Asks: 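Structure in structure tokens, see below.
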Protein chains: 2
Amino acid sequence: MDLMADDSPPTRLRTMASWLMTQVAVGADRVVGERLATADTRRHHYRVLAALDESGPSSQAEVARNCGVHSSDVVAVVNDLVGKGLVDRSPDPADRRRNTITITAVGVGKLRELDALLADVQDELLAPLTTDERTELVRLLGLVLEHQGRS
Amino acid sequence: MDLMADDSPPTRLRTMASWLMTQVAVGADRVVGERLATADTRRHHYRVLAALDESGPSSQAEVARNCGVHSSDVVAVVNDLVGKGLVDRSPDPADRRRNTITITAVGVGKLRELDALLADVQDELLAPLTTDERTELVRLLGLVLEHQGRS
DNA sequence: TGACCAACGTTAGTTGCACCAACGATTGGA
DNA sequence: TCCAATCGTTGGTGCAACTAACGTTGGTCA
């Protein structure tokens with residue numbers, strides 16, 4: 001931790017939803033980033049692995065659409081993951097524009113490890129909330145996010 | 001809007017609080033950024049103006065602590081704001097290390113304008129929520145944020 | 001068949017924000 | 001008086017989101 005309001009932030013901000021969202025996200029991102037770093041991973045990597053695990057072998061463009069990472073960034077991520085043996089990249093015989101990305105057994109193992117890691121982080125982040133409050137927060141954020149998707 | 005999940009994001013992510021927070025924040029940041037840009041302003045500028053309005057004339061270090069902007073970034077922001085006539089910077093006679101930053105009348109006017117602008121944004125962001133849900137969301141985020149502050 | 005547009009992967013950027021390291025000047029306390 | 005801390009400032013870093021452009025390939029339709 002470094003800065004973090006010694007004094008009180010403007011009350012104006014304390015009640016402004018968009019400010020709360022970004023501040024909470026900054027804190028969450030920091031913790032997530034630190035924790036993933038202990039496993040030599042970044043957020044993008046986790047997202048791509050998760051998308052592949054849930055959707056099965058996909059083209060890079062599909063991965064990009066599924067996990068909200070730009071296709072131009074997927075390139076670098078897949079390069080990394082291939083280098084680590086967590087996914088395979090092979091040309092799609094049916095469409096030579098595409099690469100088929102497949103998560104490997106090692107990749108699945110890594111993903112499970114990261115899942116456990118991130119589960120811990122969730123618990124830390126939501127520590128001050130009851131179980132009901134946690135699910136309510138997730139629900140509300142889900143609604144807001146869904147609304148953002150259509151605009 | 002540019003990417004935004006045409007397909008469904010991994011369900012794993014859809015229920016992970018930290019992911020929801022950052023995704024919602026990304027969307028909120030984009031809208032806030034765009035809207036502030038129409039007033040030739042960025043988030044940092046608004047934060048500094050708000051802190052000055054609520055705490056009165058302050059040193060740059062105080063501003064930094066009050067609004068969660070790094071003091072090294074406050075320098076550039078204050079430079080901008082001085083250039084636009086929205087704040088004054090003058091050396092503190094009682095402590096020659098410090099500058100006293102004071103919001104000007106024009107600055108207050110600008111701040112009011114930005115307040116109105118951002119109020120609209122809040123409404124758009126929280127459109128899918130009832131009034132009760134909005135206050136509940138703010139409350140929950142506040143709790144999480146407060147918890148982050150002590151760590 | 002050929003022309004054309006769309007999709008794919010890739011490269012090489014830019015922008016915004018958080019954050020860090022180091023410095024000279026100044027201050028306050030031991 | 002010396003030392004540690006604070007302040008403003010400069011010049012960075014890292015990460016994520018995003019854009020522009022390009023060559024290749026595929027599907028469409030005149």
Side-chain angles (χ1 to χ4, degrees), chain A residues 1-6 18-19 21-34 36-37 41-48 58-65 67-80 82 89-101 148, chain B residues 1-6 18-19 21-37 41-48 58-80 82 89-101 148:
Chain A
M1 205 99 308
D2 43 313
L3 45 82
M4 264 322 82
D6 306 60
S18 67
W19 185 81
M21 290 170 183
T22 74
Q23 286 313 109
V24 165
V26 165
D29 280 357
R30 177 166 41 221
V31 179
V32 168
E34 288 171 358
L36 286 181
T41 308
R42 275 167 305 156
R43 299 232 311 285
H44 276 8
H45 295 63
Y46 176 76
R47 290 196 196 179
V48 168
S58 321
S59 73
Q60 296 183 194
E62 286 167 341
V63 169
R65 276 181 236 115
C67 67
V69 175
H70 279 259
S71 62
S72 51
D73 295 326
V74 169
V75 175
V77 173
V78 169
N79 285 344
D80 280 0
V82 167
R89 174 196 265 141
S90 62
D92 182 340
D95 185 341
R96 283 186 303 179
R97 289 173 303 180
R98 305 187 180 204
N99 294 331
T100 299
I101 313 300
Q148 284 179 169
Chain B
M1 202 98 310
D2 44 310
L3 46 81
M4 263 319 83
D6 306 61
S18 66
W19 185 81
M21 290 171 182
T22 74
Q23 286 314 108
V24 166
V26 165
D29 280 358
R30 177 167 39 221
V31 179
V32 168
E34 287 170 358
R35 207 61 59 91
L36 287 180
T41 308
R42 274 166 306 155
R43 297 232 310 284
H44 278 6
H45 294 63
Y46 176 76
R47 290 196 198 180
V48 168
S58 321
S59 72
Q60 295 183 194
E62 286 167 340
V63 169
R65 276 181 234 112
N66 281 332
C67 68
V69 174
H70 280 258
S71 62
S72 51
D73 294 326
V74 170
V75 175
V77 173
V78 171
N79 284 343
D80 280 0
V82 168
R89 173 197 266 141
S90 62
D92 182 341
D95 185 340
R96 286 186 300 181
R97 288 171 302 181
R98 305 186 181 205
N99 294 331
T100 300
I101 313 300
Q148 282 179 170

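These numbers come from a predicted model, not from an experiment. Each chain gets a letter, A, B and so on, in the order its sequence line appears, and its residues count up from 1.
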Asks: Dump the pairs, protein N or O against N or O of nucleotides 7-13 of chain C, anything under 3.5 Å, distances to one decimal.
Replies:
unit_1	atom_1	unit_2	atom_2	d
C:dA7	N3	A:R97	NH1	3.3
C:dC8	OP1	A:R65	NH2	3.0
C:dC8	OP2	A:R65	NH2	2.8
C:dG9	OP1	A:Q60	N	3.0
C:dG9	OP1	A:N99	N	3.2
C:dG9	OP2	A:A61	N	2.6
C:dG9	O3'	A:N99	ND2	3.3
C:dT10	OP2	A:Q60	OE1	2.9
C:dT10	OP2	A:Q60	NE2	2.8
C:dT10	OP2	A:R89	NH2	3.3

Asks: Please give, in whole Å, the distance from D:dA17 P to A:Q148 CD?
Replies: 13 Å
Asks: Could you walk me through whether B:H44 and B:D80 pass side chain to side chain contact (heavy atoms under 4.5 Å, CB included), step by step?
Replies: CA-CA 11 Å; B:H44 278 6; B:D80 280 0; over 6 Å; no
Asks: Minimum heavy-atom separation for B:M21 and A:A28, please, with both atom names.
Replies: SD-CB, 4.2 Å
Asks: First locate atom OG of B:S18, then atom CD of B:Q23, and finally report the distance between them rounded to the nearest 0.5 Å.
Replies: 10.0 Å
Asks: Determine, step by step, whether B:L36 and B:R42 satisfy the side chain to side chain contact (heavy atoms under 4.5 Å, CB included) criterion, reporting the C-alpha distance in whole Å, the side-chain angles of both residues, the deciding distance to 0.1 Å, and the verdict.
Replies: CA-CA 6 Å; B:L36 287 180; B:R42 274 166 306 155; 5.7 Å; no
Asks: Using the rule side-chain contact (heavy atoms from CB on, under 4.5 Å), only one of B:T100, B:V48, B:N99, B:V69 pairs with B:Q60; which is it?
Replies: B:N99
Asks: Can you tell me how far P of C:dA18 sits from CD of A:E34, to the nearest Å?
Replies: 16 Å
Asks: Listed by chain and number, what are the salt bridge (charged side-chain N to carboxylate O under 4.0 Å, His left out) partners of A:R89, not counting sequence neighbours?
Replies: none
Asks: Can you work out whether B:A94 or B:R47 has the more 5'-proximal nearest nucleotide on DNA chain C?
Replies: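 Between the two, 5'-proximity favours B:R47.
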Asks: Starting at the 5' end of DNA chain D and moving along, which residue's nearest nucleotide shows up first, A:D29 or B:S58?
Replies: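 On the 5' side of the pair lies B:S58.
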Asks: Can you tabulate the close N/O pairs, meaning under 3.5 Å, that link protein atoms to atoms of nucleotides 22-24 of chain C?
Replies:
none

Asks: Quick one: B:H45 NE2 to C:dT15 C1', roughly how many Å, whole number?
Replies: 14 Å
Asks: Expressed in angstrom and rounded to an integer, what is the separation of B:Y46 atom OH from C:dC17 atom C1'?
Replies: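 So the two atoms are 18 Å apart, to the nearest Å.
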Asks: Using whole Å, report how far NE2 of B:H70 lies from C1' of D:dG11.
Replies: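 B:H70 atom NE2 is separated from D:dG11 atom C1' by 15 Å.
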Asks: Expressed as a whole number of angstroms, how long is the span from A:D92:CG to D:dG26:C1'?
Replies: 12 Å
Asks: Which atoms form the tightest heavy-atom contact between B:G68 and B:R47, and what is the distance?
Replies: O-NH1, 3.7 Å
Asks: In whole angstrom, what separates A:R96's CZ from D:dG23's P?
Replies: 18 Å
Asks: Begin with the C-alpha distance, continue with both residues' side-chain angles, and end with the deciding distance and a verdict on side chain to side chain contact (heavy atoms under 4.5 Å, CB included) for B:Q148 and A:V26.
Replies: CA-CA 10 Å; B:Q148 282 179 170; A:V26 165; over 6 Å; no
Asks: Between A:T22 and B:R43, is a side chain to side chain contact (heavy atoms under 4.5 Å, CB included) present by the stated rule, with each step listed?
Replies: CA-CA 11 Å; A:T22 74; B:R43 297 232 310 284; 4.1 Å; yes
